Amino acid sequence: MVPERLQDFKLKPLKCELNFLSKSDGSAILSQGDTVVLASVNGPLDIKTTSQNIEKATLEVLFCSKEGKPSVADRFKENVIRNTCETAILGCLYPRTGITLTIQELENYGGLLTCAVNCACLALINSGVGMRHVVAAVSCAVNEVGDLVLEPTQQEAESARALLYFVFDSRDKNLVTGFTEGTFSEDTYEEALVRCRLASDFVFQFYRDVVKKYSNVI
Amino acid sequence: MAEIFKHIYPSKYFNDYISRNVRPDGRKFDEHRDVKVNINAITSADASAAVKCGNSTVVCGIKLELAKPKAEEPDTGFLISNVELLPLCSSKFRPGPPSDHAQVINNIVSDIVMNSKCIDLKDLCLVHDKLAWVVYCDLVCLDYDGSIVDACIVAIMTSLKTLLLPSVSFDAETEEVKVDTSARLPLKIHGLPVATSFGIYEHIPRNIVLADPSAYEEEMCGGVGANLIVCWNKGLFCGIQKFGGSNLSTEDEKRTLVLAKEISKLVEGVIETCIKNDKVK
Amino acid sequence: MEGRPRALLERGLCSAVDAQWLMMMMMMMEGRDCLKSYDEVYSGLFDEKGHRKDGREMKEARAMYARGNFVSQAKGSSYIEMNKTKVVCSVFAPREISHQNEFSTVGQLFCEVKFAPFSCHLQRQPHVPDAEEKALSVALRKALEPTVCCHLFANFQIDIFVYILENDGACLAAAITAAGLALANGAVPMYDIITASSIAIIGDKMFIDPTEREEHLALSSPETKQNHGVITMSRMHGLKQIADFRQIGSLDVDCILKATDILEEECNKIVPKIQMILVRYINNGIIQQKKLAEAAKEREAALKIKMKEWSSSIIKISD
Amino acid sequence: MREQFLSNCEKNFIKKIILEGHRLDGRNYDESRKLDICFGSEYGSCIVSIGETKVLAQVSCEVVQPKQIRPNEGILYINVEISPMAAPQFEANRQTDLTVYLNRLLEKCYKDSKCIDLESLCIVVEEKVWSLRVDLKILNHEGNLIECSSIATLVSLAHFKRPDVTRSGESVIIHTLAENDPIPTVLYHYPVCLTFAIFQNNVLISDPSYIEETVCTSTTEDGNTIGGLLVVGMNQYKEICLLNHTEAAIHNSNIVHRAIQSAAERSKSVVDLIKAEIIRDDNLRQKRTKINFSDIITTNHVQSLSMKDLKICLKNYNINDIKMEEDNSPTEILDDKQDIKPEKSKYDVVASLPQTAEIKAKEGASTWIEISSESDVDSS
Amino acid sequence: MKVSIGDVVLPGDYFDEISTDNAKSRVVIGPGLRKEEDHVYITKAGVLKKKNPHTYWIDSYQKRVDIGGSTTAALSYLSFEGATKKNRPEVQVGDIIYAKLVIASKDMEPELVCIDSFGHKGRLGVLTDGFVFKCSINLIRKILSPQCPLLESLKNEWPFELAAGMNGRIWIKANSMKETIALGNAVLGAEFMSQEEIKKMSNNISATLAGHVY
C-alpha cells in the first residue's frame, strides 16, 4: 500500500559547532531538532602492537549514554557507527595506527542514532582524517495508518509500526548501512529508500555550509 | 596447490574466480547452498532442531520453565534466545566469554524473532501476574561456514513450531501448581520468518552481490558482520540489516530483494515438509 | 536446581522473594525421582524381564555411531553418538601457547569440555563453566597426554574442544574416544588409537556403558554397606597400555579386578570401528586425489590439441 | 597512548613567569577562569565548564530496597567516568588512578559531609527508598577537574527534582512529571571543592590550568616535585568539609591559611552564582520556555573555532575587541602557498641583535616535491 | 558531486578539470586529493586550490599533522653537527629540537636529522629556554607564507627568535618573559582571523601589544 497522504517531508533543524573541545583532534556538537550529540575524534595515534592492523588503521568507537550503566543497546550503536565509519575512512593511508571515536549523548528526543552517525562524520571532517566519502544518516517511520514519516519524534517512533534507518554515502548515494525494525511491505521499503535518499542531499548540503563557514579562515 | 595459493594471496585467488562469474565452490552468484533440517534430535530438550546450510551447522534446543511475570507487564511470558558461537566451530572464536561478534549475531536473531511478531508473548502467560512460561531457546553453532544467521533463524523457527507446551493447572488459594506432561498442546505461531544473507564484494565496474556467502567469501566481502541480511515473513519484510561493508546501489538492492523472496519461499517449503513427514512417522 | 532462578534474578526478571517460590515449582517440574526412596529407584532400573530399562543385557554396550571430519572449519573433528549420548569434538592444529611465560620444549594440550544448555534435564548456565565441566576437561587432558607425541611440536599448543549435545551417561568415555578420533582425523602425531569405556557398579550388578540414571544411582551411597561406584578406563589398544583409570565410589579389590577385565574387552570392541572410520576417510581422500589428477590430465590433453591446431594454422599463414 | 610529554623549557618558563608574578593566560594569582553553567531539558542534567574544562553531570533516580543498616535513608551514588574524549591519553572504560582520586574526593565532599537530606528520600521504611545516582562525564580535560566536577555534582543535585509519590495502603503510586510537579531535593549546605597549586617560596595560585597542573606535579632533575596541589572543600558558611594535599610537602602552615581565606570568598561567590543560575532556570521553566543543551551551540563560526580563552594570553586581550575595532569586511579567499620544507628554513630569523630582529625572507618559489604513494620522497 | 577550483569541497566529491594538454607535463596533486581509476577524488574537507603549472591541493583545517609514520620518530645522535662516536651532542630528554624530517612514509619509521645535506647545523639543533606552544597546522602555514604581514610587523617591535615547526609547534624566545607572552598571544590570536583581519591587526600591532604588556 503506497502511502497516499504525504507527510510534510522536511528534516529537523540542524545546528552544529565544530572544534568544540580543545583537547581532541577533531570534535563536533550537533543538534537535530531536540536531540543533541557530542563527538570527538583522536586522529592517527600509535597504539600497542597487539591491536595494530598491518594494512589499515583500527577504528575504536565508544558510545556513552547519559545514564552511567553501559547497556547492550550502546554496544549495538557502537557496532553500527564503527562499521559505517570503517567504510568511510581511508584506513589504508594510516597503517598500524589507531583512531578513537568517542560519542556522548546529551539529549535524546528521538533519532539518536542518526544524529550520532552525522555527528561522528562531522567530527571526522574536522579532524582532517582522509575519507573516501562523507556519510549522511536519515531515518523514517511507518505509522499505524501506513504513512511514511521522516525523522520521527520519540512518541511517533514508539507508536510506529516500523522504523527504517538508512546511511548513504556522498559519492553516488549508495546505501552504506541500513537496518529496520518492525514489519513493512516491499513497496513501502522502496518508497522510504527513495525519500530518504532525497533527504540525505539536505544533510550533505548542511555539511558543505558548515565547512564553508570557516573556509575563509583556513 | 590451490590451497597454498589461497593462503598466500587470498584476494587474488578470489578475484580470479569472480572475474569468471563463478565462486570458489562452483556456485553461481545467486545460488544458495542446500538446506537440511532435522527435528527432535535432542530428547533431553523440550523441542529441538538441527539445521545444516551447506557446511554451517546449528543445533537449537528449547527448555521450558515457569516463572512469575514482570511487575510492569503482568500478562506476558518470556522468550529468551541465546546464540553461542563455540570455539570448536571455527578458529576465529576463542574460548571464554562471548566475543562481540557473537553478541551482534545474538542481537540480530532476537530482533528478527521479536520484529516478525511470530510469537505473541501473551500466549505464554498462564495466570495473570502469577504464572507464565519462560521459553529458553539456546542456539549452538557447531560449524561456522558463513551466513550463520539464516541457519539460526531456520533452527529456532522449526523448534518453536514443533514445541508442545504441557498443560498446567493452578488454583489460586493454595498457589499450588500441577504440571502434567502427558497432555501437550502446540504453541500458536503466526507466519514463519526466514532470513537470507548476502555478501557484497567490492569489484571495479560494479559491486557484486553473492547469495549465501561461505566463511571465506564473508571474509572477502568486508569481514565478519558486514553481510546484508533480508528477513521475509509471509509476504512482508520483517527486517533488512546491513552494517557497513561495501556500498549497495539501488538496482542491485531491488534485484537482491526479489532474490531473497524466492530463496525464503524455498526454505519455508523445506521447513513445512520436514514438519509434515515428522507427523506422518 | 539453582541454575535457572539465579539466572532469572541476575537478568533482573524477578525479585528475590519469587526466587524461593520458583525453586519449589522447579521441583514440581522435575518431580520424577527425587522423592522416591533408594530401592524404588533401584528397581526402576530394570524392566519386567530383568533386563535393563532400554532392553540391553548387563554386559551389552550401546550401539555406537561415529563419524570423522564433521566440522569443515577444523583441522580434525569427530561426532560420536551412543544412543542418547551425543558428543562433538574438534581439534585445531598447532597454535601459539596463550599467555606463555617461558619457552616450553614439549607441546601442550588445551582441552575444554562444555555441556549444551539443553543437554541434561536441569537447565545449565551457558557461559559459566561449572565444576563438572572443569573436572571433565582435566580428565580428558590427563587421558590424552600419554597418547599424543607432544615432543614433535615444541612450544606449540593443540586445542581440543569437546561439546556434549546430550548427556545420557558415560559422557567422559564418549569424549575421550571422540577426541582420539578427532586427533587422528586431524593428522596429529599419536602413539596409538585410544578408546575408553565406563562401567557402573551397584551391589553385585555391573552395568556396562551405564545410562545417566544408572550412573546417578551408582554414585549415590546406599543405606546398606555394599559396593557402588563408576569406573572410566581409557586404553591404548596396540601398546596394550592403560592411558587413564578413573574410579569414583567405594569398591572392594576383586570387584575392581573383575571390572577392569570387562572394561578391557569393551575397549577392544570399539577399536575396529575407529580403525574402519579412519581407513574409509583416507580412502576417500585418495580417490578424490585420483579424480582431480585425471581431470587435470584431460584438461592438459585438450590444451595440447588446441596448441597443435593453433601452431599448424600459423605455419599455414607463414609459408 | 602515552601521557603528553612536557619539555624542560616549558617547565622552566612557567616556573619563572609564576615567580615573577604572571601567569601564562594573563590571570593573576587568585583569579580563576570563567565559570559557565548550562542546563539540559531534564531535571538534574547540566554541563559545567571552567574555561575549557567541561564536565557533564546527570542525576537519575530509581526505587530500591534500602540497606539493612540504614532502613530509613535513601542512597546516593556518585560515579566519575573519563573517556578518550577528555584527552587522547585516556583509554575507554579503564579505571585510571585519576578517576579513583576524583571519586574518593567527591564522595568525601558530598556523602560524608551529609549535605543532602537522605531521610527525605525514604518512601516506605525498610522496603522502598529513592536511590539517586549522579553520573559525571569529563568532556574536556584542561586542568582542575576536581573543581569542575564538584560544581557539576552540586548544580545537578540542586537542580534535580524527583517524581512525586503517594502511598495508598500497601501499594505505592509514582506519579509522572506531567501529573503533579516533582519535588526538589533538600540540600542542607552547598559544599564546593577548590584547587590551589603551591609553587616554591610559597606562591599560591588558584584554578591551575592543564599546563600549570602538570608543571606543578612534574619532577625536577633532582627528583623532588616542583610544587603541590591543595584541594579545599568548603561550603558557603565557610565550614571546611575536605582538605586534600598531593605531591610536595608544605613547609610552612600559613600557606594553608591563605588558601583557606581565598577559598572562603571564592566558594561564596561560586555558590551565589549557582543559586542564581538555578533560580533563573526555574523561572524560565515556569514560563514554559524550552531549555535544551542545543542552546550551547553558537552559530557564528569564528566564535566556535576560536578558543574562548587562549592558552597564551595577555591580561586584557580579548579576541572580539580586535573584531570590534574593524568592521568585518567580506571574506576573500586567502591565497596561501603551501610551504614545503626547503633545504634552508624559509625564514632565516637571524639571532636577535640588540636593535632589530631580522627576518630575511629567502625569495625563490617553494620547490615542489611530487607526492605520490609509490615514491617515498620526503613530503610535508 | 563535481567541483571546481576555489570551491568548498567535501570528501567524496570528484574533480577532473586537470588539463593535461601536453601529456608529458607533470601534474602534482597535493594533500587531500587521491587518484582513483577514473577521477581524482577529494579526501579532506576544505578549499580546493590550484597553482598555475598543474599543482592542485586542498587547504583544510587540521590540528594533528600526519607524516604517515605510526611509531615515534628516530633521531640518531650522529645526526648532529660534528658529532662522532666519542663526543656525543649534549641533548637531554625533554629538550626542544628543531629538526628536519628525512624519512616520512607510512610504511617506514620516520627519521629526523639536525644537520642539512652539507653537514652544517644552520638553524637546526637544540633550542634553549624561550617557550613552545601548540597550534593548528593552518596557523603555521599562514604565518610562514611570504605575504603574511604578521611577522614583518612584529619584527619591528622587539628582537625575538621564532621557530615554527610543521607539526603545529611554535617556539618563541624574546628578551623578557612578558614579551614572549605578548608575541605568543599575537601569533595565537591570528589563528582564527582571515587574511585581511590579520593585516588590520598587524597595522596597529604596537598598540595591541604595548597596551597589554603591563
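Below, chain A is the first sequence line, B the second, and so on; all start at residue 1. Given the structure is predicted, the values throughout are model-derived calculations rather than measurements.
Considering CG of A/Asn174 and CG of B/Asn207, their distance stands at 7.0 Å, rounded to 0.5 Å. For the atom pair A/Thr188 OG1 and B/Leu236 CG, the distance stands at 8.0 Å (nearest 0.5 Å).
For the pair A/Thr177 (side chain) and B/Gly244 (backbone), a donor-acceptor distance under 3.5 Å is present. Put simply, the side chain of A/Thr180 gets close to the backbone of B/Ile240: a donor and an acceptor are under 3.5 Å apart.
For A/Leu193, the part sitting under 4.5 Å from any heavy atom of chain B is the side chain, from C-beta outward, and nothing else. Looking at A/Arg171, neither its backbone nor its side chain comes within 4.5 Å of chain B, counting heavy atoms on both sides. At a 4.5 Å heavy-atom cutoff, the contact between A/Glu181 and chain B is made by backbone and side-chain atoms alike. Only the side chain of A/Glu190 comes within contact range of chain B, with heavy atoms under 4.5 Å apart. Residue contact with chain B, scored on non-hydrogen atoms closer than 4.5 Å, is absent for A/Tyr165.
In this pair, B/Phe243 and A/Phe179 present their aromatic rings tilted. The plane angle is within the 30 to 60° band.
Closest of all the heavy-atom pairs between B/Cys238 and A/Thr183 is CB-CG2, 3.9 Å.
Chain A forms more heavy-atom pairs under 4.5 Å with one residue of B/Gln103, B/Met114, B/Glu253 than with any other, namely B/Glu253.
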Query raised in the report: Can you list the steps and then say if B/Lys242 with A/Phe166 is a side chain to side chain contact (heavy atoms under 4.5 Å, CB included)?
Result: CA-CA 9 Å; B/Lys242 177 185 186 313; A/Phe166 299 109; over 6 Å; no
**Report entry** Stepwise side chain to side chain contact (heavy atoms under 4.5 Å, CB included) test for A/His133 and B/Asn247
**Finding:** CA-CA 11 Å; A/His133 49 70; B/Asn247 307 346; 3.8 Å; yes
